[in-house]
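Numbers here are sequence positions counted from 1. Everything numeric here is computed off the predicted structure, so don't read it as measured data.
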Amino acid sequence: METSPISPMKEKNTAQPQQREENAQQNLNAAIPFRQRSLGLLPEAPKVGVRPDPASQIVETQEIEHPVAGFEGDSDKFQVSINEMAEHLQASDLWYCPDGSFVKKIIVPGHGLDKPKLGSKCQVLALGFPFGSGMPEGWTELTIGIGQWREKMWGELMEKCLESMRQGEEAKIHLPGSSAPLAKLRLDSFTNGRDSWEMEAMEKEALAKEEHRRGTELFRAGNPQGAARCYGRALRLLLTLPPPGPPERTILYANLAACQLLLGHPQLAAQSCDRVLEREPGHLKALYRRGVAQAALGDLEKATADLKKVLAVDPKNRAAKEELGKVVIQGRKQDAGLARGLRKMFS
């Protein structure tokens with residue numbers, strides 16, 4: 001899961017409520033729902049000894065009378081009305097997750113500058129997650145970077161939201177395409193955590209190895225989304241180590257590509273395979289998966305080249321033969337369509 005480390009920044013907007021609502025609408029329109037497709041690809045095991053389409057309205061609107069109306073000459077009442085408006089604007093602050101997965105509407109701003117990090121134990125009030133999702137309801141203690149709660153349907157989203165919150169902050173989580181909030185969170189308190197740069201290399205490798213192991217378990221259990229999250233967390237830890245980095249990075253990128261293909265992200269899968277092939281140009285699984293990804297993207301020439309490289313080394317590779325056959329058929333259909341178009345053009 002090749003994902004960039006998140007550096008949440010709270011967006012402070014002082015525009016009028018109507019303009020803020022329009023801005024929220026425009027930003028969420030950029031979110032594109034992902035499609036899923038099936039493709040059976042087993043990940044590699046770690047080597048021994050090494051670790052929007054937006055809601056029609058996101059902002060809950062509330063009519064605010066003109067601050068001067070009815071208060072001519074009464075400066076005290078005028079000031080009260082101004083303060084109420086400021087409070088309304090502050091309560092409507094929106095924070096957009098950099099990857100577009102959700103929007104946080106801050107109801108009660110937090111205090112201080114610190115935010116939860118890896119290892120922080122958070123006292124959280126969680127309300128509203130769908131029944132049966134496996135997410136907590138009510139007061140609970142969650143540790144950033146640790147625990148099976150992160151592998152639930154909304155676990156990664158909740159963790160990203162908590163990492164963007166300050167102590168005492170209360171917020172609603174909105175998903176692209178839904179007018180109602182998914183859930184409401186309050187971060188009551190948290191212990192000090194650590195950034196990755198504060199950890200020793202051996203500690204990072206140990207944590208990455210555990211994430212790798214858990215990711216492979218999830219993949220084999222039929223949960224490529226959870227597996228991708230684990231692989232991505234492992235990679236984020238290992239990418240902070242000095243080059244060339246441990247060999248597990250190659251395996252993690254290859255496994256991540258398999259997840260991304262299953263989740264319908266061929267562009268990301270191709271990029272993950274590129275990372276593998278930069279280190280190991282003859283990596284057969286990466287060549288095969290990149291060939292599948294290129295075929296899904298419509299680049300049949302590159303797909304054919306990758307699949308032929310696989311068959312040149314392993315002529316009996318059944319999956320590569322079948323995929324190359326599909327690519328050939330797809331190419332013939334494209335050629336036939338082009339020929340029909342030319343005949344119509346010159347007839």
Side-chain angles (χ1 to χ4, degrees), residues 1-4 29-45 53 99-101 176 215-216 219-220 222-229 231-232 235 249-347:
M1 97 199 34
E2 188 186 351
T3 54
S4 302
N29 272 333
I32 302 174
F34 297 126
R35 63 182 184 85
Q36 294 186 353
R37 58 192 287 263
S38 296
L39 182 66
L41 299 164
L42 288 177
E44 298 180 43
D53 181 23
D99 64 8
S101 58
T216 301
F219 191 97
R220 290 173 175 166
N223 184 359
Q225 191 171 46
R229 287 196 288 266
Y231 294 145
L235 281 167
R249 282 173 52 178
T250 300
I251 301 174
L252 285 164
Y253 273 123
N255 290 353
L256 178 58
C259 297
Q260 290 163 335
L261 285 172
L262 282 169
L263 295 169
H265 308 318
Q267 184 66 53
L268 294 177
Q271 292 172 4
S272 295
C273 291
D274 287 341
R275 299 294 180 88
V276 176
L277 296 168
E278 287 171 3
R279 296 169 69 102
E280 294 185 28
H283 197 289
L284 294 186
K285 288 186 177 180
L287 283 169
Y288 169 73
R289 290 166 187 167
R290 190 173 69 175
V292 174
Q294 295 292 2
L297 293 168
D299 195 332
L300 303 186
E301 185 176 347
K302 289 183 179 179
T304 301
D306 282 339
L307 294 169
K308 283 184 175 180
K309 287 179 183 178
V310 174
L311 292 171
V313 178
D314 183 9
K316 295 182 180 180
N317 191 308
R318 192 173 186 180
K321 284 182 180 179
E322 291 178 357
E323 193 63 32
L324 183 59
K326 293 176 185 177
V327 171
V328 170
I329 293 173
Q330 190 175 347
R332 288 173 181 169
K333 288 181 179 179
Q334 283 187 2
D335 292 342
L338 179 60
R340 284 194 299 271
L342 290 173
R343 282 197 297 271
K344 288 180 181 179
M345 185 182 300
F346 294 105
S347 61

Using the test salt bridge (charged side-chain N to carboxylate O under 4.0 Å, His left out), find all partners of Glu278 that sit at least two apart in sequence or belong to another chain. none
Heavy-atom side-chain proximity of Arg275 to Gln271 below 4.5 angstrom: no
Contact check, side chains of Asn317 and Leu284, non-hydrogen atoms, under 4.5 Å: no
Nearest 0.5 Å, please: how far is [atom2] in [Y] from [atom1] in [X]?
X	Y	atom1	atom2	value
Ile251	Lys285	CD1	NZ	9.5 Å
Asn255	Gln260	CG	CD	11.0 Å
Leu261	Ser272	CG	OG	9.0 Å
Arg279	Thr250	CZ	OG1	4.0 Å

Which donor-acceptor pairs under 3.5 Å do the side chains of residues 290-301 make with protein atoms, sequence neighbours left out?
residue : atom : partner : partner atom : Å
Arg290  : NE   : Asp306  : OD2          : 2.8
Arg290  : NH1  : Asp274  : OD1          : 2.9
Arg290  : NH2  : Asp306  : OD1          : 3.0
Asp299  : OD1  : Lys302  : N            : 3.3

May I ask you to decide if [Y]'s main-chain N or O and [X]'s side chain share a donor-acceptor pair within less than 3.5 Å?
X	Y	value
Lys321	Pro315	yes
Arg289	Ala254	yes
His265	Leu268	no

Heavy-atom pair with the smallest gap, counting every atom of [X] and [Y]:
X	Y	result
Ala320	Val310	CB-CG1, 3.8 Å
Ala303	Val327	CB-CG2, 4.3 Å
Cys273	Ala257	SG-CB, 3.6 Å
Phe219	Cys259	CD1-SG, 3.5 Å

Charged N to carboxylate O under 4.0 angstrom, Arg318 versus Glu322? yes
